[in-house]
Amino acid sequence: MTTVNSEKLSSARFAEATDAFVEIFTASVDFDKRMAQQDIQGSIAHATMLGKIGILTESERDAIIDGLQKIGIEIEQGRFNWSVKQEDVHMNIEARLTDMIGIAGKKLHTGRSRNDQVATDIRLYLRDEIKRIRNELTRLQNAILDLAEREADTIMPGFTHLQVAQPITFGHHLMAWFEMLKRDNERLADCLKRINIMPLGAAALAGTSYPIDRHMTAQLLQFAEPSANSLDSVSDRDFAIEFCAAGSLIMMHLSRFSEELVLWSSAQFDFIDIPDAFCTGSSIMPQKKNPDVPELVRGKSGRVTGHLMSLLMLMKSQPLAYNKDNQEDKEPLFDTADTLINCLRAFADMVPRLSAKKDNMYRAAKQGFATATDLADYLVRKGLAFRDAHEIVGQAVRLGVETERDLSELTLTELQQFSDNIDENVFSVLTLEGSVAARQHIGGTAPATVRAAISKARAELVGNA
């Protein structure tokens, strides 16, 4: 007589026990147990619905719900005994429930499969994680707004090709970061719409012959609606890929912020000071203060992008409906959520404590002929074509390079040799303050414009809370 592993709830079909290595290799409980509370939440809703349609008696329904709630407490308190023999989070909880309440526990799985169960758990999990991520994202947005308001008048160079281009303010630069995060927050909110569809009731792939009420279950779990097609319901992981895509964009933005913080805190730029609490020293060089938090966040961006690629490759060749491949969706998904929350938290804690070295920023803005475009615009307002003005300013810049002087340091006579249209009022546009203040249009660098953008952004954040 062949021995069968009777500890497994699904072992009756097999004539021999699962190979010990295969049992470990195919099990997912070590990582999917983090969805335990979502699994319990889904099971309580399912049992409630089964009670309504008469599949469960009231006493069975109540015993199941009470047992599941007690299991949830055991898990929270670390008293739950997870077993690899039960393969995954779902079977572990169901086995424990049956041990607690007897045969009623075996009735819980009526009208559903692990396929629609796991798809539901992942959606519930992501829904919870997105809320946490958006909270940290909003906290970082508020921190940026506070810092931008403090530094709305702080002049610094704006760069293209990492060369000095035009003068801006630190506050204006920070608001560029804010706009990136604003789009990130909006993408997560939009992604949530496609996550918030309930697959429970699709069963293995073809639905169930029981007269289940999917709308009731969806309402209990606060899903917008049940999914429309049973095949798609159990095999769809688009929502997870979309989440990782949104996460990759967030990390790409954080990586760009990190790069600037690393540059600006270097001795060569010396624009900002990152608090000691977010830096470390060197094991050999006692003078070093390394910007570890920005560097680590910059490094972790590749990790999240890698998870996106992993999920895309995972799904690209799968036939409908569910396949065991999909067990591999959880670890990259979980790590993406963890990485996002941790990186956003680190930035939200660090940004309020950044300090600008205003004098250094100002001196840097005076290098590289940052007001050259302002001189060209001045000449255009005098009636010259822009291309002609561009040529004249280029000649003035060449003189500045040859004599190692900024445009504002050239004399009126020297400037007038390039154009008769230049008057003594030209120097008002060649100052950094004049250049920054002149751009008062929406999205411009004028301090008043920056403060108006900050006020508008604060109102929008409060409205979206």
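Scope of the values below: all heavy atoms of this structure, side chains included, with no hydrogens, waters or symmetry mates. All residue numbers in this chain count up from 1 along the given sequence.
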Can you give me every donor-acceptor pair (side chain of residues 361-368, partner residue at least two apart or in another chain, under 3.5 Å) with its distance?
unit_1 : atom_1 : unit_2 : atom_2 : d
Tyr362 : OH     : Glu433 : OE1    : 3.2
Tyr362 : OH     : Glu433 : OE2    : 2.7
Arg363 : NH2    : Asn360 : OD1    : 2.4

Could you pull out all donor-acceptor pairs under 3.5 Å where a side-chain atom in residues 383-396 meets a protein atom, sequence neighbours excluded?
none

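A side-chain donor from one of Glu260 and His173 sits under 3.5 Å from a side-chain acceptor of the other. Checked by atom type, the side-chain pair Ser301/Arg256 shows no donor-acceptor distance below 3.5 Å. For the residue pair Ser233 and Asp116, no side-chain donor N or O sits within less than 3.5 Å of a side-chain acceptor on the partner. Remark: the Asp128 side chain and the Gln38 side chain contain an N/O donor-acceptor pair separated by less than 3.5 Å. Side-chain N/O atoms of Arg214 and Ser227 include a donor and acceptor closer than 3.5 Å. In this structure, a donor-acceptor pair under 3.5 Å is present between the side chains of Asn185 and Arg134. In this structure, a donor-acceptor pair under 3.5 Å is absent between the side chains of Asp32 and His90. Asn326 and Gln318 are linked by a side-chain donor-acceptor pair at a separation below 3.5 angstrom, with hydrogens and angles left out of the test.
Looking at Ile250 and Leu188, their side chains come closer than 4.5 Å, going by heavy atoms from C-beta outward. Using a 4.5 Å heavy-atom cutoff, the side chains of Ser43 and Arg112 are in contact. Proximity of Asn142 to Phe178: side-chain heavy atoms (C-beta onward) are nowhere separated by under 4.5 Å. Between Met251 and Val297, the closest side-chain pair of non-hydrogen atoms falls below 4.5 Å. Contact annotation: the side chain of Asp88 never approaches that of Val118 to less than 4.5 Å [non-hydrogen atoms, C-beta and beyond]. Two residues are said to be in side-chain contact when any heavy atoms from C-beta on lie closer than 4.5 Å; Val29 and Met91 fail this criterion. Within the 4.5 Å cutoff, no side-chain heavy atoms of Asp335 are placed close to those of Val304. Counting only heavy atoms from C-beta outward, the side chains of Ile40 and Ile75 approach each other to under 4.5 Å.
With sequence neighbours excluded, the residues forming a salt bridge (Lys or Arg N to Asp or Glu O under 4.0 Å) with Arg439 are Asp374, listed by chain and number. Among residues two or more places apart in sequence or in another chain, the ring-ring contact (aromatic ring centres under 6.0 Å, His included) test is passed with Phe347 by none. Shown here are the ring-ring contact (aromatic ring centres under 6.0 Å, His included) partners of Phe369, two or more places apart in sequence or in another chain: there are none. For Phe334, the ring-ring contact (aromatic ring centres under 6.0 Å, His included) partners are Tyr125, not counting sequence neighbours.
Residue Lys52 places its NZ atom among 12 or fewer non-hydrogen atoms of other residues, nucleotides or ligands, all under 6.0 Å distant. Surrounding CZ of Arg458 are more than 12 heavy atoms belonging to other residues, nucleotides or ligands, all under 6.0 Å away. Other residues, nucleotides and ligands contribute at most 12 non-hydrogen atoms within 6.0 Å of the NZ atom of Lys316.
For the atom pair CD1 of Ile272 and OG of Ser355, the computed distance is 8.0 Å after rounding to the nearest 0.5 Å. Here CD1 of Ile144 is found 11.0 Å from CD1 of Ile454. Values are rounded to the nearest 0.5 Å. Between atom CZ of residue Arg34 and atom CD of residue Glu331 there is a gap of 9.5 Å, rounded to the nearest 0.5 Å.
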Subject >> Verdict with supporting geometry, Asp236 and Arg123, salt bridge (charged side-chain N to carboxylate O under 4.0 Å, His left out) >> reply: CA-CA 11 Å; Asp236 170 37; Arg123 288 172 183 267; 2.8 Å; yes
**OP:** Before giving the answer on side-chain hydrogen bond (donor to acceptor under 3.5 Å, both in side chains), spell out for Asn425 and Tyr378 the whole-Å C-alpha distance, their side-chain angles and the decisive distance to 0.1 Å.
**Re:** CA-CA 10 Å; Asn425 62 355; Tyr378 169 87; 2.7 Å; yes
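Under the 30°/60° scheme for interplanar angles, the aromatic rings of Phe257 and Trp177 are found to lie parallel.
Using a 4.0 Å cut-off between a side-chain N of Lys or Arg and a carboxylate O of Asp or Glu, Arg405 and Glu414 qualify as a salt bridge. At a threshold of 4.0 Å, the pair Asp184-Arg187 counts as salt-bridged, since one of the basic side-chain nitrogens sits closer than that to a carboxylate oxygen. Salt-bridge check for Asp273 with Lys289: passed, with a basic side-chain N closer than 4.0 Å to an acidic carboxylate O.
For the pair Arg127 and Phe223, the cation-pi criterion (under 6.0 Å, within 45° of the ring axis) is fulfilled. Relative to the six-membered ring of Phe278, Arg353 misses at least one condition, a distance below 6.0 Å or an angle of at most 45° to the axis.
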